[in-house]
Every structure is written in C-alpha cells, then in structure tokens.
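Encoded as structure tokens, the structure appears first; notes follow it.
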Amino acid sequence: MAGFVAKKLCPQLIQIPLNFNKYTSKAQEVREIIVDYDPRFESASIDEAYLNITDYCEKNNIEPAAAIEQLRREVQEKTKITISAGIAANAKLAKICSNMNKPNGQFQLPNDRTAIMSFMRDLPTRKVNGVGRVFERELDAVGVKTCGDIYACRQYLSKLFGEKAFSFLMGCYLGLGRTTVQPAEEFERKSVGTESTFGEMGDPTALRKQLRWTAEELEKDMVRTQFKGRTLCLKVKLHTFEVFTRQVIPPKSIYQADDLYNYSLPMLLKLEHEFPGMKLRLMGLRCTHLLSMKKPDTMAFFGFKTKSPTEGGDPSGSPISLKRKANGLEDENWEKYDERLFEDAERLEREDELKELETLSQELDKRRHHGKEIVPNPKKAETTEEEWWDCPVCLRPQSPSEKEFNEHMDLCLSRQTIRDVVQETAFVKDVSKILPSKKAKVERNKNKSTSNDPKQRKLFFGGHS
DNA sequence: GCGGATCAG
DNA sequence: ATGGCTGATCCGC
C-alpha cells in the first residue's frame, strides 16, 4: 500500500526507513539454510524461494510437511525471522499455498488430481500469480470469479484474451504449473534500465540535463551487470501520468553514458515536438537486446554457450533459456492440459457462440472504459452515516466493509480514474497545446473500435468522448 | 520490431 | 495531487 494512503488510514502509523543492506544480509542467512534442502533452489526475489525437496525427502526418509516444519524451525532459530511455506505438486500451486497460512505457517496441497481440482474450483482468480487487478476485473466481467468458473466459458476465453491467456487459464483451472526449479543466476537477463521520478519538469535544458544524469546512472548499471545494449529505450511519464516509450537501434552496441545520451537525445527532442510544452514527471533509459561483456570463462561456468564466434559470451545461446520460457504463463510438455478434454466444446453451434461472444465482449468493453462508474459505492443502504469510512484518496464516504473498501481504493488509484481526474483538472490550463495530438489518437482508436478484436478496444483512450 | 499495457516483487 | 523502481511478457500493428 502506498505510504500516503496508509498514513491517512492510520495517522498513528510509524514509518521506518528502508534498509536494503539489512534485508539483503538477512536473506543471505536464510539462503544459507535452505541450500541444504535443495542445492539448486531458485530465488524468486529477496524474500521468496522455490525448492524442489523431492531428493531431500527421499534421502532423509522424511515427509514433505515434516521437512518443511523442520526447515522453518531451523530458519527461525538461526535467523530469528519466521517464514511461511506452501507444499504442492508444482510452483504455481506452491506459491498459492504459501499464502494460505501466513504468517509463520505452512500449507500442503496433496499431490492428487481430485484434491487439486477441488482446490482450484473455489480459488479466486486473483490468487494466481499472473492475474492482477486488471485481468481479475476482465475475468469478472465475463462471469469468471474463481478458477473453477474458467471451464464453463472456455470457448470464449481464447477470443477474448488471446491464445496465451487461454492456455494460462486452462492451467489455472486444472492446477497445472511448472515443476522445474533452477538457480536465478541461470536466467538470462533481457534488459538493464533505470528510471526516476521528479517534480514536474518542462524546461528543455533541464530535461537534457536529466537525460544526461539518467545516462550516467544507466552506464553504472551496464558496467555492474557487464552488458552492452543493441537497443536503447527512452521512457517518459508526462505530468498527466501518461507513459510513453521510444526506442532506437544505434549503429553499434552501447553502454557508455556519452553514447546512451547521444542516441537518446533525438528521441527526447522528437517527443518534445510531438507534445509541445510537455512536462515530465519521470524519465528512464533502458537497454535491451543485450550483449554480454563477461569473459567467456564466466559464461561457461554457468553453462552458457557462445553463439557467435565474434561476440564471446552472448547469452542468447543459453540452453536454459531455450528450455524455460520463464513468462509464468507457460507450462511445458506433459504439464500441459490434454486437448482431448475439451473436444465437446468444439461441437457447439457457431452462431450462438458468436452472439454470446459479442455480449461478453460488450460487457468487458463497458467495464474497461468506465472505471469511474464503480467509484461511488453502490450497496449497503442500511449502514448509518457515522459508520461509513472515508476514502483517503477521493474523500468520499465508503461502505465500512474491508473487502469493498479495499476494492474501492484499488479502483480509486487505477489509471483510468487518475486519467479522468487529470482530464478534468490539470489539463485545462494548457489543453490547447496538448490536445491536438491527443485528439488524433482518439480518432485513430475510434476507427479501431469498430473492429471485432476486444484487445484493440482496450487501446481506446479515456471513456469521456 | 515498435509501442502500449499488465504484472510481480 | 496522485503507486517508486526494475524487469518480464503479451498484444496489435
């Protein structure tokens, strides 16, 4: 939760400054323990890890739950911090299970098809890694609240959300997920970037200086990570909170601040031309299509092949990267669902399908455009005045239900809501300058909205026209 | 490949 | 008067 929101909700809240050195060293202590349970454990972040304890349990003749109880006790005794764990047949399920008995608890989902299916049936989609605020809402709009609901409308999911999402959702319904675990070092980095937020900045000279500074920051990270980039990407956030990115392919791969600056400056100038009088609140630079500067020896140590004889240590030839797609929406081989399970879906009447799809698409569309409509709290007429809670963001009274209140704040902080507010206020002053290019965008998207593709409609800017 | 958007931590 | 920063992926074009 954003600090300013928390403070408004709890004025007595005590906020403690971050101390990443502390967290990092504590994480290291924990890792030194869990490595005994799986030498190839996967750090998912500073405070999360995936372990394959199959071997450990076999070697020590111990049940998974007992092993994890022991692990957690060991961590608590040695590091004085408590951890929670999930035990399940694959990474997706284990992650969900780890949230079941927080804090300082564990939960095991039996490795049993029926148990897994019934577990997923009542599981809200949002609990699954990969389903965020937006996707949850979109699924809700077509009547999918739990993973069990997915099967009933399987026939539309692909058309509404695309093939990848369909495959992902089927995995959710069936409780499938990856069963591979590997050290984070073996993952192939795909970009290096830096960005920072600042007070509104419109002066071209100041913007150049900011760009120069950003370039220098990025150079540090490029040196630290030992990469050059073949593509350079500039990101800006306007004072309206709209985000834009522009990229170029320099004639050579680059990493030095001078090059980063010189090749990104034209993009900045072009943006200034595109949005006359633009004011930024964020600027960022990122390099993609990386080229490793590491010694081939180092790369070989991690099992990376060298792809091109001229460019030693190109990580794109990694055998690991070929095996693991690493997008969280992918499962492989036998972990995939069986196509035959869905044969009967294909027998349905075509026209009925299309009609139904159109209805769902419209429903989805409505909600995509009108984030605003849900802002005023709809229900709970029986609650009295003083029982209402004030939203710290919009200051409007809300239903005193934790769930509804949180949902409201979620929405209140959504991009659409911010856009609408900015549209009505901050924009008025210099609207004449920025509006033309914006208008053009709306026009373009208007044409698109006649298309049947729901993903295109999503691009439509703002629900106010 | 580009640019917008979503998601996770 | 606003959710910061880093990195990854997906989608439509």
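At dA1(C), none of the side-chain N or O atoms of His239(A) fall inside 4.0 Å of OP1 or OP2 (strictly under the cut-off).
In this structure, Arg40(A) is not positioned above the aromatic face of Tyr50(A) in the sense of NZ or CZ being under 6.0 Å from the six-membered ring centre and within 45° of the axis.
Atoms CZ (Phe20(A)) and P (dG9(B)) sit 15 Å apart, rounded to a whole Å. Phe168(A) has its CZ atom 16 Å from the C1' atom of dC11(C), to the nearest Å. Atom-to-atom, NZ of Lys159(A) to P of dC11(C) comes out at 16 Å; the value is rounded to the nearest Å. dG3(C) atom P lies 12 Å from atom CG of Leu282(A), rounded to whole Å. Rounded to an integer number of Å, the gap from CZ of Phe161(A) to P of dC11(C) is 12 Å. Nucleotide dG4(B) holds its C1' atom 11 Å from the NZ atom of Lys235(A), rounded to whole Å.
In terms of the salt bridge (charged side-chain N to carboxylate O under 4.0 Å, His left out) criterion, Asp47(A) has no residue partners (sequence neighbours excluded).
Counting any heavy atom pair closer than 4.0 Å across all strands shown, Ile46(A) reaches no nucleic acid atom. Counting any heavy atom pair closer than 4.0 Å across all strands shown, Arg246(A) reaches sugar-phosphate atoms only and no base atom.
Mapped onto DNA chain C by nearest heavy atom, Glu200(A) and Glu195(A) fall at different nucleotides, with Glu200(A) at the one closer to the 5' end. Residue-to-nucleotide proximity on DNA chain C shows that, of Lys237(A) and Gly193(A), the 5′-proximal contact is made by Lys237(A).
Counting only heavy atoms from C-beta outward, the side chains of Ile254(A) and Tyr263(A) approach each other to under 4.5 Å.
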Could you list the donor-acceptor pairs under 3.5 angstrom formed by side chains in residues 27-35 of chain A, with sequence neighbours left out?
from, atom 1, to, atom 2, distance (Å)
Glu29(A), OE1, Lys26(A), NZ, 3.3
Arg31(A), NE, Ser43(A), OG, 3.2
Arg31(A), NH2, Ser45(A), O, 3.2

